[in-house]
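Notes follow the structure.
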Protein chains: 2
Amino acid sequence: MLKTHNCGTLTKANVGETVTLNGWVQRRRDLGGVLFIDLRDRSGIVQIVFNPDFSGDALKIGDRARNEFVLAVSGKVVERDAETINTNLPTGEVEVQITEIEILNAAKNPPFFIEDGIEIDESLRLKYRYLDLRRPEMQKTLLLRSKAAKIFRDFLDEQGFIDVETPILTKSTPEGARDYLVPSRVHPGEFFALPQSPQIFKQLLMVGGIERYYQIARCFRDEDLRADRQPEFTQVDIETSFLSQDQLLGMMEQLMVRLFRETIGVEIPTPFQRITYADAMGKYGSDKPDLRFGLELIEMNDIVANSGVKVFASVIEKGGEVKCLNAKGCGTWSRKEIDDLGPFAARYGAKGLAWIQVKDGEFKGPIVKFFNEEEIAAIKERTGAEEGDLLLFSADNKKVVADVLGNLRLKIGRQLGLINDNEYKFAWVVDFPLLGYDEEAKRYVAEHHPFTRPNEDDVHFFDTDPGQIRAQAYDIVLNGYEVGGGSMRIYKRDVQEKMFNALGFTPEAAKEQFGFLLDAFEYGTPPHGGIAFGFDRLVMLLTGRTNLRETIAFPKTASATDLLSDAPSPVDPSQLDQLHIKLAKKAADDKNKAVIG
Amino acid sequence: MLKTHNCGTLTKANVGETVTLNGWVQRRRDLGGVLFIDLRDRSGIVQIVFNPDFSGDALKIGDRARNEFVLAVSGKVVERDAETINTNLPTGEVEVQITEIEILNAAKNPPFFIEDGIEIDESLRLKYRYLDLRRPEMQKTLLLRSKAAKIFRDFLDEQGFIDVETPILTKSTPEGARDYLVPSRVHPGEFFALPQSPQIFKQLLMVGGIERYYQIARCFRDEDLRADRQPEFTQVDIETSFLSQDQLLGMMEQLMVRLFRETIGVEIPTPFQRITYADAMGKYGSDKPDLRFGLELIEMNDIVANSGVKVFASVIEKGGEVKCLNAKGCGTWSRKEIDDLGPFAARYGAKGLAWIQVKDGEFKGPIVKFFNEEEIAAIKERTGAEEGDLLLFSADNKKVVADVLGNLRLKIGRQLGLINDNEYKFAWVVDFPLLGYDEEAKRYVAEHHPFTRPNEDDVHFFDTDPGQIRAQAYDIVLNGYEVGGGSMRIYKRDVQEKMFNALGFTPEAAKEQFGFLLDAFEYGTPPHGGIAFGFDRLVMLLTGRTNLRETIAFPKTASATDLLSDAPSPVDPSQLDQLHIKLAKKAADDKNKAVIG
């Protein structure tokens, strides 16, 4: 009894046809000897009917079916009576009168009901992921993910990109996040590393004349996990030769336009806004600003530096800054509502949160008395404060001010309903700093990686003020999320040497650390650059989810565990012998205890 | 100077246009002060000309370029003089008169020339893979590989398959080949394993109602490597629910038709031949027969059992067999030529190789005298031996006879020119045995895996003669290579129990070993089955290569080493500490010695 039709696609056009369906029992009802079953497959649900009038023995067999049993049934598609039409179901105008049935498989009662919007513990869903995946919203997500991958591939294929697979068993590199290691059986004491990204290989492919490369690549980072991190994740990895940054970014904008059009039917306008890193941090306190609303951070240093607010003056004297957020219309908040912002701000490092209410035509609040009239007027003008506004001040070093006000901006923006959930606001954040000064190591470190190309206008700063150099690096941000990033790469030897020099690497140290890539660069390296998109995150945003795990068929928990298969797990000691490794004493003791206990 | 055109695409249609090209110097010639450079990019080569008449300073700069320098050049496309047209080059009718040039990068002299058909040590090519990849044949291979992946995806997408990514960090399973292990930092003493295939996950996806799944998946086996194995390899992994074996195989045939049509323009006829495992072994001595030619193995037991050839009689008495190959036209071979087959046969286990020449109208050779007239006549009739033929006999157990004559068949077939290299002969090998008897363990073992569905007609053999059970398993073979394989899976609980019982597993042992999958099977498992194609091997056959490494951008050697990055490699001891492992003493000693020495 092989299926002739999919359940969810039957309509009035099929009336009169005899069909065979295969699927799962969504639910069953027995109404006075007539059995109704909602039968579900990937395409959806249709009602099938067993009636003594036409079902014969099939009714008796069908009666044994319970939720999630797998059935094969045959019967005739008929129109439903007008009063039993189900307008919530695409198939709601028809039902199938069953004449034959085979129970393909029985099922235990599942631990949760197979439907959307269930509110149960996520760990139960992960343990029974195979049941969770039957729910329509999970199936829709995986379908969209598959489609999104296809759109990426189709677009890049049309643009002449070659899909090249790079190794998963690679060499451990000392920089960056922690590597996952794989002991070698053939080479005792040696290890492969799982790639954090195909960065080195994609640059080698450019040296190899591939010109346009892409790969939907699995990457691995053994980091402490947060809600939006997975130990293995997927990125759409792209690298090109002979393109300018503008050409590459323009092409990627077209790619995003197509992705959003063909998955969720949203038209994204181009060109995307470009905002410098300095502006993003200055105006939004974030290098991934949510640009769906304004509520910008306002610089106040010049106005408040000499005011009677001592903490402002002292912060500015130490090179810090004072900034303000004008929370329009929040001037009517109660003292408690305002005070409640304090602990939130503290999470991001704020030692306090100064504020001014504009109420009854005047500034009110504990700090108002420390300003003179001129200062009040200047604040009013600068912030555009009006009746009913609430001004929030943060004073600290640049980083803390950005974190505090950037996050307050998001919180208040959402609270005030300034954010349109149906809007998709892309932007490029550009001109990232090339180098950051590491106070501990007392040296510059690469903000992106040591092969990131500096802005040509800034190369002279290598000799005078390396911190000033802007990188030809860019992130693509969407609604407050970084969904991708990349850079043009250094391809000239003299620039690379300046870069290593700035990083405090001797030529020997550079050779030691990046040997084979530097060797490769000697043999005619084309100008090249690329980008990588976070595929899991893009799918998350396309499906309106807030958790990466919802976009992955078999994700891991925050402690890097697969609750379904119970990986990782202890292995047979003989396996370790073959790999020339032993457990460290503590780990071995713990395992022993587990076995004994 | 961003490229406006690709080098290899310029034709007479472009004459008169001013173009900008970016590419590598393939070679340069200076003819009486005029400089000719063959400029190469991914699309091909075009000749560019620097002449004092029109090049100005560009000539001076161009003169500094050497092989593999990266250039950006601009100039006018002109027709070549009739006598300088190069018909070997698609661009051979034109050249570009250069007026502007920028040397984008210099290059050291490469260790080998960038052209097809170079005969140099493969290890040098692998060490400098980034240069090797510049060679047109490597670029063509990677391009075809990318295209082949696209065709798989397009076809499966059209058939309603969903591309689902399954984990790379999975659980170690005790059966099968050796796992690559990944120590966990978060869970001391525990390990992930890299998947040998997504088998368990794809079956879980069927339980999850995905119905049609595919993935171009990286798989890992820590096996001793042969020329045609890689520690990481790529398979096109496919699983379906609610399809019969015939439906699935028919769909896969259409997939192959499309793949071969759209990559190399070859039309593959359908349906593919189906040959049982028993017939394949019997007639061709192989479960992956090359069906482009006949030269079948001929059963001789009944004829020779009572002959005077004692070794034949004794082999048959012990349950072995005698088979014959009629090497048409080899009857004229010298005694030395025939004797030279001996060592070849010995490689496959032959203790000797008996033969009969048909020469001057009669049978000749050492064993002829042991046959009576009737036997001679019967041999003649059975083998169709004619003047000029050579009959080769193998007598041993079934396995050795198959190996010896199967391999002799291939050798002689090639020698006699029976194999058409431009023919692509697909077949399905079906009806594999479900179980094999392991003499050492004194029990049956699964030939495919423990979830392979038995032929329904044979289920009764579980109680009487499990070795007789045919599996619903199939391999797809092409020209003597297995390019894919799969099976329908068990989905009924009672059949699964019989299977475990036959394998000698108690219910507890089965639970211990396959726990979460068996749990999943309790909740309404649909009938399902699938297949996996060896993607590297298919690309190898499509590109006419004989080595899998030629199809992979960054392959590993037979000792699982990446010669380019020098992976695997020793790692920092602190990395091991974090992973709660230590080197076993010998490995640690070896590493120390390496550091000291």
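So you know, we letter chains A, B, ... as the sequences are listed, proteins then strands, and number each from 1.
With a threshold of 4.5 angstrom between heavy atoms, B/Tyr128 approaches chain A through side-chain atoms but not through N, CA, C or O. Looking at B/Ala520, the atoms closer than 4.5 Å to chain A (heavy atoms on both sides) sit in the backbone and in the side chain alike. Proximity to chain A (any heavy atom under 4.5 Å) is shown, for B/Asp132, by neither the backbone nor the side chain. Interface remark: B/Asp157 contributes side-chain atoms only to the contact with chain A (heavy atom separation under 4.5 Å). Heavy atoms of B/Arg153 lying under 4.5 Å from chain A belong to its backbone as well as its side chain. B/Leu104 touches chain A through backbone and side chain together, each having a heavy atom under 4.5 Å away. Both the backbone and the side chain of B/Lys108 have a heavy atom closer than 4.5 Å to some heavy atom of chain A. Interface residue B/Asn109: only backbone heavy atoms are found under 4.5 Å from chain A. Residue contact with chain A, scored on non-hydrogen atoms closer than 4.5 Å, involves the backbone of B/Leu243 exclusively. Within the 4.5 angstrom heavy-atom criterion, atoms from both the backbone and the side chain of B/Asp41 approach chain A. If you measure heavy-atom distances from B/Arg135 to chain A, you find no contacts under 4.5 Å at all. Heavy-atom distances place both the backbone and the side chain of B/Val207 under 4.5 Å from chain A. Of the atoms belonging to B/Ser244, heavy atoms from both backbone and side chain fall under 4.5 Å from chain A. B/Lys147 does not touch chain A: none of its heavy atoms, backbone or side chain, sits under 4.5 Å away.
Among all heavy-atom pairs drawn from A/Lys492 and B/Ile103, the shortest one is NZ-O, 3.7 Å. Here the closest non-hydrogen pair linking B/Gln575 and A/Ser172 is NE2-OG, 3.2 Å.
Looking at heavy atoms from C-beta onward, B/His187 lies in side-chain contact with A/Ser559 at the 4.5 angstrom threshold. Contact of the B/Pro183 side chain with the A/Pro183 side chain is registered, since non-hydrogen atoms from C-beta on lie closer than 4.5 Å. Looking at A/Val164 and B/Ser146, their side chains never come closer than 4.5 Å, going by heavy atoms from C-beta outward. The shortest distance between side-chain heavy atoms of B/Val182 and A/Phe220 does not fall below 4.5 Å.
By the 4.0 Å N-to-carboxylate-O rule, B/Arg185 lies too far from A/Glu223 to be salt-bridged with it.
Put simply, of A/Val186, A/Val571, A/Leu2, A/Leu169, the one with the most heavy-atom pairs under 4.5 Å next to chain B is A/Leu169. Most heavy-atom pairs under 4.5 Å with chain A: of the set B/Leu564, B/Leu579, B/Asp577, B/Asp222, this distinction falls to B/Asp222. The candidate from B/Tyr491, B/Tyr130, B/Phe516 with the greatest count of non-hydrogen atom pairs under 4.5 Å with chain A is B/Tyr130. Note: A/Ile168 leads A/Ile114, A/Val25, A/Val70, A/Ile168 in heavy-atom pairs under 4.5 Å with chain B. Most heavy-atom pairs under 4.5 Å with chain B: of the set A/Glu68, A/Arg129, A/Met138, A/Gln139, this distinction falls to A/Gln139. Heavy-atom pairs under 4.5 Å with chain A were tallied for B/Ala72, B/Gly208, B/Ser241, B/Ala567; the largest tally goes to B/Gly208.
When the options A/Phe535, A/Phe233, A/Phe554 are evaluated for a side-chain contact (heavy atoms from CB on, under 4.5 Å) with B/Glu165, the one that passes is A/Phe535.
Below 30°, between 30° and 60°, or above 60°: for B/Phe192 and A/Tyr180 the angle between ring planes is above 60°, a perpendicular geometry. Aromatic ring orientation, A/Trp24 versus B/Phe242: perpendicular (interplanar angle above 60°, classes split at 30° and 60°).
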Intermediate values then yes/no, side-chain contact (heavy atoms from CB on, under 4.5 Å), A/Asp154 and B/Asp154: CA-CA 9 Å; A/Asp154 286 348; B/Asp154 287 347; 4.1 Å; yes
Residues B/Arg145, A/Asp163; criterion salt bridge (Lys or Arg N to Asp or Glu O under 4.0 Å); working and verdict: CA-CA 8 Å; B/Arg145 185 178 174 112; A/Asp163 177 3; over 6 Å; no
Given the rule in the side-chain contact (heavy atoms from CB on, under 4.5 Å) test, do A/Asp562 and B/Lys171 qualify, once you have shown the distances and angles that lead to the verdict? CA-CA 9 Å; A/Asp562 177 356; B/Lys171 188 184 168 78; over 6 Å; no
